[in-house]
There are 2 protein chains.
Amino acid sequence: MAFETRLPETGFEHIDDEKCRLFTGYIEIIGKKWSAGIMLAAVRGATRFVEYRALVHGISDRLLNQRLKELEAEGLIERTVVPSTPVLIQYRPTERGRSLMRALQPLVAWGLDDHERAHRRPDQGRE
Amino acid sequence: MAFETRLPETGFEHIDDEKCRLFTGYIEIIGKKWSAGIMLAAVRGATRFVEYRALVHGISDRLLNQRLKELEAEGLIERTVVPSTPVLIQYRPTERGRSLMRALQPLVAWGLDDHERAHRRPDQGRE
DNA sequence: TTAGCGACTTACTATAGGTGAGTGGCTTTC
DNA sequence: GAAAGCCACTCACCTATAGTAAGTCGCTAA
């Protein structure tokens, strides 16, 4: 595809389709409603079901349970049953999950920047 | 919240709730189904409706139209009507859109790494 | 004049998410 | 030892969003 303008590049201009598919796949996993909030709770120290429910503001039991299963299936969170009485169930981020969150750090910096820009010049902050 | 284990950090452990909310907000915009694919098409040079439809594999006209409107409302894409005959409608990434994509670059690197790890050691690649 | 393209819009069905209540095993309090 | 409560779910119901297919309108090229 031809470029009609010369703009600052984003790094995505010349990557192959395979990489694009990988990228959209991963972003749609973590971008699914509540998933990012849950991973955030995970790396911030939540382990038990109730802790996640308290940290992920507004989520219901049903969706929390569903997302935890999905994230476990993706290998981002691991579920451990501690055989105490009563049984203790722990959900913790896997190394894969933590490394994914590290890869998303630049988005936090971007978000702050963008947020600040939008508030400093309300009508121009967004180009 | 207390940390029970000492693991490699992700950068999210000690950030405030405001930043967390910003982060989840942004990731749920770009993580919405098809959005990432559309932004990808945008920074890779698509401008017209049909070009997006060709680049974003599997998307329908209806959803493409809806997402383009949403991304325009978010200030990530801008819609321009070129008054030629027939009229030419262009959708291009804004500077805000391009900077967001730049912030997502590390996710591509992570994806490649993760993908390779999973394929090299099929049963151990995911912790 | 008819066939086709580009950019949508509409109608209908399927899947995902929101809400609220219920369950079963255990513990703590009266 | 009965009642109340916590934890980790599960079910039923309803709404909202996504998927699929067809239609529209202005234009052009054959």
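Both backbone and side-chain heavy atoms feed into the values below; hydrogens, waters and symmetry mates do not. Note on naming: letters A, B, ... go to the chains in the order of the sequence lines (proteins, then strands), and numbering restarts at 1 for each one.
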Under 4.0 Å between a side-chain N/O of B:K33 and OP1 or OP2 of C:dT15, yes or no? no

Pairing of A:R21 and A:D17 as salt bridge, 4.0 angstrom limit: no

Sequence-distant partners of B:F12, ring pair (Phe, Tyr, Trp, His ring centres under 6.0 Å), two or more places apart: B:F23

Separation of atom CD1 in B:I59 from atom C1' in D:dA21, rounded to whole Å: 16 Å

Does a side-chain N-to-carboxylate-O contact under 4.0 Å join A:E51 and A:R44? no

Does this structure show an ion pair linking B:R102 with B:E95, if we count only N-O contacts that are shorter than 4.0 Å? yes

Would you kindly compare A:R67 and A:P86 by the position of their nearest DNA chain C nucleotide and give the one closer to the 5′ end? A:R67

Can you see if the side chain of B:Q66 gets near the phosphate of D:dT17 - specifically, an N or O under 4.0 Å from OP1 or OP2? no

What nucleotide among D:dG19, D:dT28, C:dG18 has an atom nearest to a side-chain atom of B:W34? D:dG19

Output one line per pair: protein atom, nucleotide atom from nucleotides 6-13 of chain D, and distance, for all N/O pairs under 3.5 Å.
unit_1	atom_1	unit_2	atom_2	d
D:dC7	OP1	A:R48	NH2	3.3
D:dA8	OP2	A:F49	N	3.3
D:dA8	OP2	A:V50	N	3.2
D:dC9	OP1	A:R79	NH2	2.7
D:dC9	OP2	A:Y91	OH	2.2
D:dC9	O5'	A:N65	OD1	3.3
D:dC9	N4	A:D61	OD2	2.5
D:dT10	OP2	A:N65	ND2	3.3
D:dT10	OP2	A:K69	NZ	3.2

Rounded to whole angstrom units, what separation is found between the CG atom of B:L64 and the P atom of D:dA18? 13 Å

Could you check how far CG of B:L63 sits from P of C:dA16, rounded to whole Å? 14 Å

Nearest to the side chain of A:S60, heavy atoms from C-beta on, is which of C:dT19, D:dT28, C:dG17? C:dT19

Ignoring hydrogens and angles, state whether a donor on the side chain of B:E28 or B:T24 is under 3.5 Å from an acceptor on the partner side chain. no

Partner set under ring pair (Phe, Tyr, Trp, His ring centres under 6.0 Å) for A:H57, not counting sequence neighbours: none

